[in-house]
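What follows is a single structure, written as structure tokens, with notes after it.
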Number of protein chains: 2
Amino acid sequence: MTASETATRLMDAAQLLIMERGYNAFSYKDLAESVGIRTASIHYHFPSKGDLGLAVMGRYLGQLDDALARIDRTAKSGKARIKGLVKVFAETESRGAICMCGSLAASLETLPAELQEAVAEYLDRCETWIQRVIADGGREGEFAYAGKPAEAAAALLSGLQGGLLVARARTARASVLANVQRLFLNTLEAA
Amino acid sequence: MTASETATRLMDAAQLLIMERGYNAFSYKDLAESVGIRTASIHYHFPSKGDLGLAVMGRYLGQLDDALARIDRTAKSGKARIKGLVKVFAETESRGAICMCGSLAASLETLPAELQEAVAEYLDRCETWIQRVIADGGREGEFAYAGKPAEAAAALLSGLQGGLLVARARTARASVLANVQRLFLNTLEAA
DNA sequence: GTCTATAGGTGGATAGAC
DNA sequence: GTCTATCCACCTATAGAC
């Protein structure tokens, strides 16, 4: 069930709008103007806004899996893997956007139940991956961190999500994620 | 210019709704039902939704100043001060809400310019305070942290904002901010 | 697959009586 | 200060022609 050309362009536009404005601040009218069709035509591809949101999140989840798998393949150390993950988020930071998942999480209570679950799934998958990288790095002696990998993973995930939020809103223009990364690796490596 | 009883209740309701659902997901109708008046009456107190948002953020900013001043008075070490700040956010976490500022930051581009500036002001004020605490702690030998206080401050602020976001959305129910705090203090104290 | 037309609801906001 | 009544723009969604 590969998505059609139009469906893909609709998902692209929706994802961008969610990352820039939020789920409750974009409409079928916005999508229609962006893609160049009428609002009624969108319902052919995605019957309801919830369906569209779910499809976009599903794709976003797949993109995360791909990115993490690629990092696992190419990065040879725990440190390099953490840096690889930060880089994924830093790309979003440089575009002045926030993680789609963070955006949705901010309006969590207004979302359809299935979409809420997809948001939780994304965060869990992300956190679990970080946890594994830290645990592996600890076993192999790369990291000196003495605490529980699960705790550090939750803290890094928070730093990444919040970092995007803060970077866009505050007046200082330097990268926030660079600081998050520095502090985090500092912690893992210190005795 | 003390706010009237009704104006205060309207701001209370608006703040709660923003922290739970987001700026674009609450309406004058919601407020009217919560406070027990008609939607038209709200416009007497706050001509536009932007005016209301600005008033609520102004109050929120004052609450931050009060909280930070209180921590400065009562907490006697840098570590205690950081813990005091985390506690302020942890209160929000325990209510299953997120920082109003983080909520607004997620929909930043949809807000009136003045409201965007207020959000930035809140984050800046918060970050500056953390920075000062770290710098003081470094001078007095309490913290061994060798990096720039500004960088660490940005990272902690990110962790706090993101921690609230993550705590509400992910499946695991333990406190996320507790992990953020542990990792951060760990970093400051390690050599 | 996309269109026109339209329904039915909700959004923030205003005028004017009380 | 709060009300009723109303405006108009916008929202998601559907029906049915092409």
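First the proteins, then the strands, lettered A, B, ... as listed; each starts at 1. Only heavy atoms go into these numbers, but all of them, side chains included; no hydrogens, no water, no symmetry mates. Values in this document were obtained by computation on a predicted structure and should not be read as measured data.
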Tell me: [atom1] of [X] to [atom2] of [N], nearest whole Å?
X: B:Lys29; N: C:dG12; atom1: NZ; atom2: C1'; answer: 14 Å
X: B:Leu31; N: C:dA13; atom1: CG; atom2: C1'; answer: 14 Å
X: A:Glu5; N: C:dG1; atom1: CD; atom2: C1'; answer: 13 Å
X: A:Asp51; N: D:dT12; atom1: CG; atom2: P; answer: 13 Å
X: A:Arg21; N: D:dC10; atom1: CZ; atom2: P; answer: 13 Å
X: A:Asn24; N: C:dG11; atom1: CG; atom2: P; answer: 11 Å
X: B:Lys49; N: C:dG11; atom1: NZ; atom2: P; answer: 9 Å

Just checking [X]: base, sugar-phosphate only, or nothing, at a heavy-atom cut-off of under 4.0 Å?
X: A:Ser41; value: base
X: A:Tyr44; value: base
X: B:Phe26; value: sugar-phosphate

Minimum-distance nucleotide (side-chain atoms of [X] versus [options]):
X: A:Ser4; options: C:dG1, C:dA13, D:dA13; result: C:dG1
X: A:His43; options: D:dT2, D:dT14, C:dG11; result: D:dT14
X: A:Arg38; options: C:dC3, D:dT12, C:dG12; result: C:dC3

| request: Verify the contact: side-chain N or O of A:Thr6 to OP1 or OP2 of C:dT2, cut-off strictly under 4.0 Å; return yes or no. | output: yes

| said: Under 4.0 Å from OP1 or OP2 of D:dC11: is there any side-chain N or O of A:Tyr28 that close? | reply: no

| Are B:Leu183 and A:Tyr145 side-chain neighbours, meaning at least one heavy-atom pair lies under 4.5 Å? | yes

| task | Answer whether the closest heavy-atom distance between the side chains of A:Val35 and A:Ile42 falls below 4.5 Å. | result | no

| query | Taking for each residue the nucleotide of DNA chain D with the nearest heavy atom, is it A:Ala40 or A:Ser27 whose nucleotide lies nearer the 5' end? | reply |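 With A:Ala40 and A:Ser27 compared, the 5'-side residue is A:Ser27.
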
| message | Does atom CD (B:Glu114) have a neighbourhood of more than 12 heavy atoms from anything else shown, all under 6.0 Å? | response |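 Check fails, neighbour count at 12 or below.
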
| said: Can you tell me if A:Arg38 has over 12 outside heavy atoms packed within less than 6.0 Å of its CZ? | reply: no

| So how far is it from B:Leu160 CG to B:Ile130 CD1, rounded to the nearest 0.5 Å? | 6.0 Å

| Counting N and O atoms only, with roles assigned by atom type, does the side chain of B:Tyr28 sit under 3.5 Å from a partner on the main chain of B:Ser48, one being a donor and the other an acceptor? | yes

| message | For the helix from C:dG1-D:dC18 to C:dC18-D:dG1, what angle separates the axis at the start from the axis at the finish, each from five pairs, in steps of 10°? | response |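 Angle reported: 0°, given to the nearest ten degrees.
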
| query | If you take all heavy atoms of A:Met19 and A:Arg168, which pair is closest and at what distance? | reply | O-NH1, 3.4 Å

